[in-house]
Amino acid sequence: MFALGSAQALVFFALGVLAFIVQLVALVDGARRRTDAYVAAGKMTKQRWMIILGVAVAIGFISFNGAFLSPLNFLNLAAFVAAAVYLVDVRPALNQVQGGGRGGSAGPYGPW
């Protein structure tokens with residue numbers, strides 16, 4: 001594993017935990033969405049996103065296993081980028097399609 005006594009080990013561990021949390025949040029959010037919303041938003045299918053995000057979570061989970069699969073490993077960085085793309089691009093589009101997005105007339109000066 002690694003020695004928690006060094007500052008580098010703590011930083012790498014924190015980066016790994018944060019990356020894993022982002023990956024897990026993206027997977028859970030993607031799983032909760034309707035299947036037809038992905039196509040309506042003009043994105044890849046839900047099945048493809050679930051495969052991508054599931055693999056990302058698996059890579060994030062095994063990245064805690066020693067120096068070879070550190071949080072800065074190429075695979076873990078790619079997995080983090082996949083989850084970030086989902087959260088920054090796909091999730092807002094799904095929110096718009098499903099009516100859960102911000103904007104519109106839901107502000108304090110709405111249709112009242």
Side-chain angles (χ1 to χ4, degrees):
M1 195 94 170
F2 59 85
L4 285 176
S6 72
Q8 264 184 337
L10 286 174
V11 169
F12 280 138
F13 183 74
L15 286 174
V17 168
L18 290 175
F20 182 67
I21 289 171
V22 168
Q23 294 158 355
L24 197 59
V25 165
L27 178 67
V28 169
D29 184 76
R32 297 179 69 197
R33 303 295 179 143
R34 292 190 338 246
T35 304
D36 61 333
Y38 286 84
V39 177
K43 304 299 176 184
M44 286 190 295
T45 63
K46 180 176 182 174
Q47 181 181 10
R48 283 188 183 178
W49 273 111
M50 291 298 93
I51 291 169
I52 291 169
L53 295 173
V55 169
V57 167
I59 290 170
F61 181 73
I62 64 171
S63 72
F64 294 114
N65 186 23
F68 176 70
L69 294 172
S70 74
L72 298 179
N73 179 290
F74 174 74
L75 288 176
N76 200 23
L77 286 175
F80 175 78
V81 167
V85 165
Y86 173 84
L87 291 173
V88 172
D89 181 46
V90 178
R91 184 179 183 197
L94 294 174
N95 281 340
Q96 256 188 343
V97 167
Q98 292 182 322
R102 295 183 208 160
S105 60
Y109 305 106
W112 299 80

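As the structure is a computational prediction, the values presented were derived from the model and not from experiment.
In the hydrophobic clustering of ILVMFWY residues, with side-chain heavy atoms under 4.5 Å counting as a link, Leu18 and Ile62 come out apart. In the hydrophobic clustering of ILVMFWY residues, with side-chain heavy atoms under 4.5 Å counting as a link, Val17 and Val28 come out apart.
Ile59 meets the side-chain contact (heavy atoms from CB on, under 4.5 Å) test with Val55, Leu75, Asn76, Ala79; sequence neighbours excluded. A search for salt bridge (charged side-chain N to carboxylate O under 4.0 Å, His left out) contacts involving Arg34 returns Asp36, not counting sequence neighbours. Residues passing the side-chain contact (heavy atoms from CB on, under 4.5 Å) test with Met50, sequence neighbours excluded: Leu27, Ala31, Tyr38, Lys46, Leu53.
The two residues Gly60 and Gln23 make their nearest non-hydrogen contact at CA-OE1, 3.2 Å.
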Only pairs under 3.5 Å count here: list side-chain donor-acceptor contacts from residues 84-91, not counting sequence neighbours, and write none if there are none.
{"unit_1": "Tyr86", "atom_1": "OH", "unit_2": "Asp29", "atom_2": "OD2", "d": "2.7"}
{"unit_1": "Tyr86", "atom_1": "OH", "unit_2": "Gly30", "atom_2": "N", "d": "3.3"}
{"unit_1": "Asp89", "atom_1": "OD1", "unit_2": "Lys43", "atom_2": "NZ", "d": "3.2"}
{"unit_1": "Asp89", "atom_1": "OD2", "unit_2": "Lys43", "atom_2": "NZ", "d": "3.0"}

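By the 4.5 Å heavy-atom criterion applied to side chains, Leu77 and Val81 are not counted as neighbours.
Note on residues 54-63: no pairs pass salt bridge (Lys or Arg N to Asp or Glu O under 4.0 Å), not counting sequence neighbours.
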